[in-house]
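Values in this document were obtained by computation on a predicted structure and should not be read as measured data.
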Amino acid sequence: MADFEIIAEGVLTGTSNTIDFTSIPSTYSHLELLFSARSNKAGASSDGGEMLVNGDTGSNYGFCGGYAVNSGYSYIGPLDPGTRNQIDNALRIVNAGMPTGVFSVTRMMIPNYTNTSVQTKGILGTSTTATTTTATWWTQFGLGSWVSTAAITQLTIYSESVSYPFVAGSSYWLGGWA
């Protein structure tokens with residue numbers, strides 16, 4: 001096994017509300033996910049996308065982090081770790097009002113994803129959105145958590161709303177680190 005290998009990758013040719021990574025092998029020590037996203041929602045801004053682990057929809061998630069927008073608006077705080085039913089704002093999604101060809105980029109690291117003695121799996125993420133046309137940028141950072149001792153075998157990324165799917169050109173890859 002190499003130090004790093006791509007497990008799954010793709011580029012959407014149409015719209016989709018979800019991207020599923022199923023049957024994630026347990027042969028790596030850590031996972032890394034990179035996602036470039038755009039939706040069909042009107043407006044020149046970005047919105048958050050969510051994440052589920054192993055299809056779990058129970059109140060077993062949390063998110064603690066923050067963001068800054070060049071308009072001067074910023075936020076830092078928790079979203080009640082262990083009480084959410086998804087990892088909120090796991091990624092950023094550029095809305096359709098941004099210039100053509102602009103996508104947000106999110107990178108997530110998931111250390112020790114197969115460890116069954118760890119009670120909470122941490123998912124460290126950073127996202128950014130920028131365009132020179134409207135001089136708008138957004139930067140987000142955070143730690144999502146999934147409270148379970150189970151190994152991670154599936155990740156599902158989904159758009160903010162079924163009304164605003166990911167559009168063609170959104171791309172992703174999931175990789176494993178030795």
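- For residues 62-71, no pair satisfies salt bridge (charged side-chain N to carboxylate O under 4.0 Å, His left out), with sequence neighbours left out.
- Note on Leu174: it clusters hydrophobically with Leu52, by side-chain heavy-atom contacts below 4.5 Å among ILVMFWY residues.
- In terms of hydrophobic clustering, with Ile, Leu, Val, Met, Phe, Trp and Tyr side chains grouped at heavy-atom distances under 4.5 Å, Ile157 and Ile152 are assigned to a common cluster.
- Looking at Ser117 and Asn115, their side chains do bring a donor and an acceptor atom within 3.5 Å of each other.
- Residue pairs meeting the side chain to side chain donor-acceptor pair (under 3.5 Å) criterion with at least one partner in residues 57-68, sequence neighbours excluded, are Asp56-Asn60.
- If you look at Tyr28 and Phe4, their ring centroids are not closer than 6.0 Å.
- For Thr153, the side-chain hydrogen bond (donor to acceptor under 3.5 Å, both in side chains) partners two or more places apart in sequence, or in a different chain, are Asn54.
- Counting only distance, with no hydrogens or angles, the side chain of Ser36 and the backbone of Ser171 share no donor-acceptor pair below 3.5 Å.
- Clustering of Ile, Leu, Val, Met, Phe, Trp and Tyr side chains at separations under 4.5 Å leaves Phe103 isolated, with no partner residue.
- Residues passing the side chain to side chain contact (heavy atoms under 4.5 Å, CB included) test with Glu50, sequence neighbours excluded: Gln86, Asp88, Tyr158.
- Taking Arg92 as the reference, Ser46, Asn89, Gln140 meet the side-chain hydrogen bond (donor to acceptor under 3.5 Å, both in side chains) condition, with sequence neighbours excluded.
- Side-chain rings of Phe166 and Phe35 approach one another, their centers coming within less than 6.0 Å.
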